[in-house]
Structures are given as C-alpha cells and as structure tokens.
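Take a look at the structure set out below.
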Amino acid sequence: MKLLLDTHILLWAAVRSKRLSAEARAMIGHTENDLFFSAVSVWEIAIKHGLGRPDFRIAPAPFRGALLRNGYEELPITGIHALAVSSLPPLHKDPFDRILIAQAKSEGIILLTSDPIVAQYPIPLHLV
C-alpha cells in the first residue's frame, strides 16, 4: 500500500512521539508499505522551524535527508496537484494540508493523517 504521511505524522514518527498511535506505527513499520513524504511537508517544516515553533524543532535539510536514507520517496508538487486544490471543498484553510489532500487525490495514494478536518475530504486516507 502507498502511504503519504502528513507533516505531523512524519515529525511524530521521527521523534518517536507518544502522539503517534500504535496503528500509525504499525502502518509505517510494515515493510510492504511504500512510504511517501511531500515536498510541501519539507516546505512547511522549513517555514515553521524558521519561525521558532516548538512543534517544528527538527531542521528541515537533515530531516529530508534522513527520510530519503530511510527509504521514503519524495513526492514533488506539480501543476496537476496545484490545480486539484481548486476542486477541493473549503473544509480546511491550511494551504499545506490542502496540497497534501490534492496530492493524495491526484496520485491515488492513501494520506495518513491525524487531522479530523482533513479526514472529511473524499480522498483515499486513513485517520490515525
């Protein structure tokens, strides 16, 4: 199964946070699952790390490198993804989440998220 991890799931997995559910840990650790992260997550981490947000303490460049070394595939943002945002209902205002939603929808990849607002979108996703 192909899984696109939302930004907080990526961060929680990296620091082994107790906020990451056992179900999410199992899905991420299952060797038959293909794990993806979006370039938008790197962008979000870079912005919020630069602002000094306490929930974004991980430096973005080493974090991206660690994801790649650990077998994650990077999903670039394309024009198709940007256009798909315009067809989304206005349930969520966060532009980072909206592009993740559009990517999951466009690519047919399951978005692994803990955000109940994101879970309202009719896309392939798994709420953990």
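Contact check for Asp6 versus Val118: no side-chain heavy atoms found under the 4.5 Å cut-off.
The salt bridge (Lys or Arg N to Asp or Glu O under 4.0 Å) pairs that include a residue from residues 88-105 number zero, where partners must be two or more places apart or lie in different chains. Within the structure, the salt bridge (Lys or Arg N to Asp or Glu O under 4.0 Å) test picks out no pair touching residues 109-127 (sequence neighbours left out). Identified under the side-chain hydrogen bond (donor to acceptor under 3.5 Å, both in side chains) test for residues 24-40, with sequence neighbours left out: Ser38-Gln103. Counting only residues at least two apart or in different chains, ring-ring contact (aromatic ring centres under 6.0 Å, His included) contacts with residues 77-97 comprise Trp43-Phe96. Sorted by first and then second residue, the side-chain hydrogen bond (donor to acceptor under 3.5 Å, both in side chains) pairs involving residues 53-65 (not counting sequence neighbours) are Arg53-Asp55, Arg64-Glu74.
Contact record, Ile123 with Ala104: CD1-CB, 4.1 Å, taken as the closest heavy-atom pair. Smallest separation of non-hydrogen atoms from Pro76 and Ala39: CA-CB, 4.3 Å.
Within a 6.0 Å sphere centred on NZ of Lys48, heavy atoms belonging to other residues, nucleotides or ligands number more than 12. Residue Ile47 places its CD1 atom among more than 12 non-hydrogen atoms of other residues, nucleotides or ligands, all under 6.0 Å distant.
Through side-chain heavy atoms spaced under 4.5 Å, either directly or across other Ile, Leu, Val, Met, Phe, Trp or Tyr residues, Val42 is tied to Met1, Leu3, Leu5, Ile9, Leu10, Leu11, Trp12, Val15, Leu20, Met27, Ile28, Leu35, Phe37, Ile45, Phe56, Ile58, Phe63, Leu67, Leu68, Tyr72, Ile110, Leu112, Val128.
Here Ala26 pairs with nothing under the side chain to side chain contact (heavy atoms under 4.5 Å, CB included) rule; sequence neighbours left out. The side chain to side chain contact (heavy atoms under 4.5 Å, CB included) search around Pro89 returns Leu91, Tyr121, not counting sequence neighbours. A search for side chain to side chain donor-acceptor pair (under 3.5 Å) contacts involving Gln120 returns nothing, not counting sequence neighbours. Residues passing the side chain to side chain contact (heavy atoms under 4.5 Å, CB included) test with Ala59, sequence neighbours excluded: His49, Pro62. Ala119 pairs by the side chain to side chain contact (heavy atoms under 4.5 Å, CB included) definition with Leu125, Leu127, not counting sequence neighbours. Residues forming a side chain to side chain donor-acceptor pair (under 3.5 Å) with Thr7 (at least two apart in sequence, or on another chain): Ser41, Glu44.
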#### Entry: side-chain contact (heavy atoms from CB on, under 4.5 Å) between His126 and Glu23, intermediate numbers included
CA-CA 10 Å; His126 194 88; Glu23 180 183 14; 2.4 Å; yes
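Of the inter-residue distances, the one linking Leu100 atom CG with Thr113 atom OG1 reads 8.0 Å to the nearest 0.5 angstrom.
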